[in-house]
Amino acid sequence: MAWIVLVISGLLETAWAVALDRSAGFTRLVPSVVFAVTLVASMAGLAYALREIPVGTGYAVWVGIGAVGTALVGMLALHESASLPRIVCLLLVVAGVVGLKVFH
């Protein structure tokens with residue numbers, strides 16, 4: 001269960017990062033509220049998962065999921081660069097996250 005919560009929390013990290021960008025420095029209400037709600041939920045899920053998963057592994061997986069998810073949203077929805085080197089680097093992050101789970 002801790003791993004499922006950790007993955008969901010990583011996805012929520014993506015949500016709060018994108019909402020933070022869309023909030024325009026907290027000048028837009030809806031994205032600011034989405035940011036706050038998803039940030040709290042993401043942190044709460046991380047805290048829950050760390051009760052069973054070592055902090056180094058849990059935090060690295062959480063950050064990795066959030067970073068890759070945010071980069072993918074940027075490339076797919078926000079028209080950021082989707083160059084081959086960037087995609088390869090994201091695949092390396094995914095490989096690292098999978099490795100942390102496998103060797104946990």
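Starting from 1, each residue takes its place in the sequence as its number.
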**Prompt:** Under 4.5 Å between any side-chain heavy atoms of I4 and I8, yes or no?
**Reply:**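 A side-chain contact under 4.5 Å exists here.
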
**Prompt:** Are any of the side-chain heavy atoms of M1 and Y48 separated by less than 4.5 Å?
**Reply:** yes

Treating [X] as the side-chain partner and [Y] as the backbone partner, does any N or O pair qualify as donor plus acceptor under 3.5 Å?
X   : Y   : value
S42 : L39 : no
T14 : G66 : yes
T70 : A17 : no

Linking I/L/V/M/F/W/Y whenever their side-chain heavy atoms sit closer than 4.5 Å, directly or via other members, would [X] and [Y] fall into one cluster?
X   : Y   : answer
V18 : L90 : no
Y59 : W16 : yes
F35 : V33 : no
W3  : V5  : no
V98 : L92 : no

Of all the heavy-atom pairs spanning [X] and [Y], show the shortest one and how long it is.
X   : Y   : answer
G45 : S9  : CA-OG, 3.0 Å
S32 : T27 : OG-N, 4.4 Å
V7  : I65 : CA-CD1, 3.8 Å
G58 : L46 : O-CD1, 4.1 Å
A60 : V97 : O-CG2, 4.4 Å

**Message:** Quick one, F26 with L20, criterion side-chain contact (heavy atoms from CB on, under 4.5 Å). Give me CA distance, side-chain angles, the key distance, then yes/no.
**Reply:** CA-CA 8 Å; F26 300 117; L20 179 61; 3.6 Å; yes

To the closest 0.5 Å, what do you measure between [atom1] ([X]) and [atom2] ([Y])?
X   : Y   : atom1 : atom2 : value
W62 : L50 : CH2   : CG    : 9.5 Å
T38 : M43 : OG1   : CE    : 10.0 Å
L72 : L76 : CG    : CG    : 6.0 Å

**Request:** Kindly state each residue pair satisfying side chain to side chain donor-acceptor pair (under 3.5 Å) with at least one member in residues 71-80, sequence neighbours excluded.
**Result:**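 Listed once each, the pairs are E80-R86.
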
